[in-house]
Participant: 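First the structure, which I've put down as structure tokens, then a few questions once you've had a look.
Since we're looking at a predicted model, the values are computed, not measured. In what follows, residues are counted from 1 in the order of the sequence shown.
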Amino acid sequence: MALFIKPHGKTGTERFLRMIGMLVILGLVIYAFWINNQSTMQKIQARNSLWDQTKVLDRSERDYIQGFIRSMRNEFGISTRIQIILEPITEQEVDPKELLIVISPPTQDVGMYFPGLVRHALGKEFISELENKHFENHYADGEWPASLMTCLSMIWERLVNVESDQPVPDVHSDEDGSMPDPESSAHKE
């Protein structure tokens with residue numbers, strides 16, 4: 001069985017224009033399929049990158065965290081996962097190229113796994129401060145989601161400043177007390 005896609009027309013010009021029209025429509029369908037595919041892949045990646053068993057995070061906090069995850073992948077090529085779990089943290093197998101942050105509010109424990117270059121760029125003292133002191137006293141009053149977003153902001157600022165050779169600022173929030181959005185903070189190269 002042969003499939004013929006032959007435009008019909010009375011003149012050669014009409015057939016040519018109909019063929020061009022068919023190609024334009026085909027191109028638009030392919031482009032729409034590609035855009036839909038990209039959107040679906042982003043949703044799947046976002047769903048797999050943030051796992052919240054506590055269901056405490058609100059929509060803006062989830063959006064902020066997913067923005068951080070996308071920014072780390074787009075700017076630095078680092079795949080990032082954030083897990084908020086209800087049970088104690090156990091040792092996990094982590095891809096050496098992956099940043100993993102695990103928080104267990106019921107046990108008041110944090111585990112952070114950084115790729116080698118990121119660990120080197122952040123420094124041992126900075127990572128130790130985040131793991132051992134940053135979330136301290138924020139579990140009981142339910143402020144750990146804000147501490148998580150501050151932690152992500154601090155990691156982002158530190159990496160951006162290492163890349164651009166700018167000094168790391170002491171303050172990790174805007175003047176109005178809000179945290180800078182990683183996706184909107186463009187850095188100079």
Participant: With sequence neighbours left out, write down each residue that passes side-chain hydrogen bond (donor to acceptor under 3.5 Å, both in side chains) with Asn132, or none if nothing qualifies.
Facilitator: Ser128

Participant: Is the backbone N or O of Met149 less than 3.5 Å from a side-chain atom of Ser153, with the two atoms forming a donor-acceptor pair by type?
Facilitator: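 No, because the side chain of Ser153 does not come within donor-acceptor range (under 3.5 Å) of the backbone of Met149.
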
Participant: Using side chain to side chain contact (heavy atoms under 4.5 Å, CB included) as the criterion, list what pairs up with Glu93, not counting sequence neighbours.
Facilitator: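 For Glu93, no residue satisfies side chain to side chain contact (heavy atoms under 4.5 Å, CB included) once neighbours in sequence are set aside.
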
Participant: Applying salt bridge (Lys or Arg N to Asp or Glu O under 4.0 Å), which residue pairs with at least one partner in residues 12-28 are found, sequence neighbours left out?
Facilitator: Glu14-Arg18

Participant: Return all side-chain donor-acceptor pairs below 3.5 angstrom for residues 19-29, not counting sequence neighbours, or 'none' if the list is empty.
Facilitator:
none

Participant: Pair up each side-chain donor or acceptor in residues 113-120 with any protein partner under 3.5 Å, not counting sequence neighbours, and list the distances.
Facilitator:
none

Participant: Taking all non-hydrogen atoms of both residues, which atom of Phe68 and which atom of Leu152 are closest, and how far apart?
Facilitator: CE1-O, 3.4 Å

Participant: So, applying side-chain contact (heavy atoms from CB on, under 4.5 Å) with Thr80, which one of Leu99, Ile101, Ile65, Ile155 is it?
Facilitator: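 Exactly one option meets the side-chain contact (heavy atoms from CB on, under 4.5 Å) with Thr80, and it is Leu99.
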
Participant: What heavy-atom pair brings Ala121 and Arg158 nearest, and what distance separates the two atoms?
Facilitator: O-NE, 4.3 Å

Participant: Would a distance-only check, ignoring hydrogens and angles, find a side-chain to backbone donor-acceptor pair under 3.5 Å from Asn161 to Glu157?
Facilitator: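 Indeed, once roles are kept as given, a pair shorter than 3.5 Å links the two residues.
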
Participant: Given a cutoff of under 4.5 Å between side-chain heavy atoms of I, L, V, M, F, W and Y, with clusters grown through shared members, what are the other residues clustered with Tyr31?
Facilitator: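 Its cluster partners, ordered by chain and number, are Trp34, Ile35.
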
Participant: Looking at Leu130 and Phe135, what are the two nearest heavy atoms and their distance?
Facilitator: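 Heavy atoms of Leu130 and Phe135 come nearest at O-CD1, 3.7 Å.
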
Participant: Tell me, please, which residues at least two apart from Asp95 pass side-chain hydrogen bond (donor to acceptor under 3.5 Å, both in side chains).
Facilitator: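 Result, side-chain hydrogen bond (donor to acceptor under 3.5 Å, both in side chains) vs Asp95: none returned.
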
Participant: Holding to side-chain hydrogen bond (donor to acceptor under 3.5 Å, both in side chains), I want the full list of residues that pass it with Ser60, two or more places apart in sequence or in another chain.
Facilitator: Asp58

Participant: Linking Ile, Leu, Val, Met, Phe, Trp and Tyr through side-chain heavy atoms less than 4.5 Å apart, which residues share a cluster with Leu86?
Facilitator: none

Participant: For residues Trp51 and Ile85, report the shortest heavy-atom separation together with the two atoms involved.
Facilitator: CZ3-CG2, 4.1 Å

Participant: Tell me the salt bridge (Lys or Arg N to Asp or Glu O under 4.0 Å) pairs involving residues 97-115, sequence neighbours left out?
Facilitator: Arg81-Glu98

Participant: In chain order, what residues pass the side-chain hydrogen bond (donor to acceptor under 3.5 Å, both in side chains) check against Ser79, with sequence neighbours excluded?
Facilitator: none

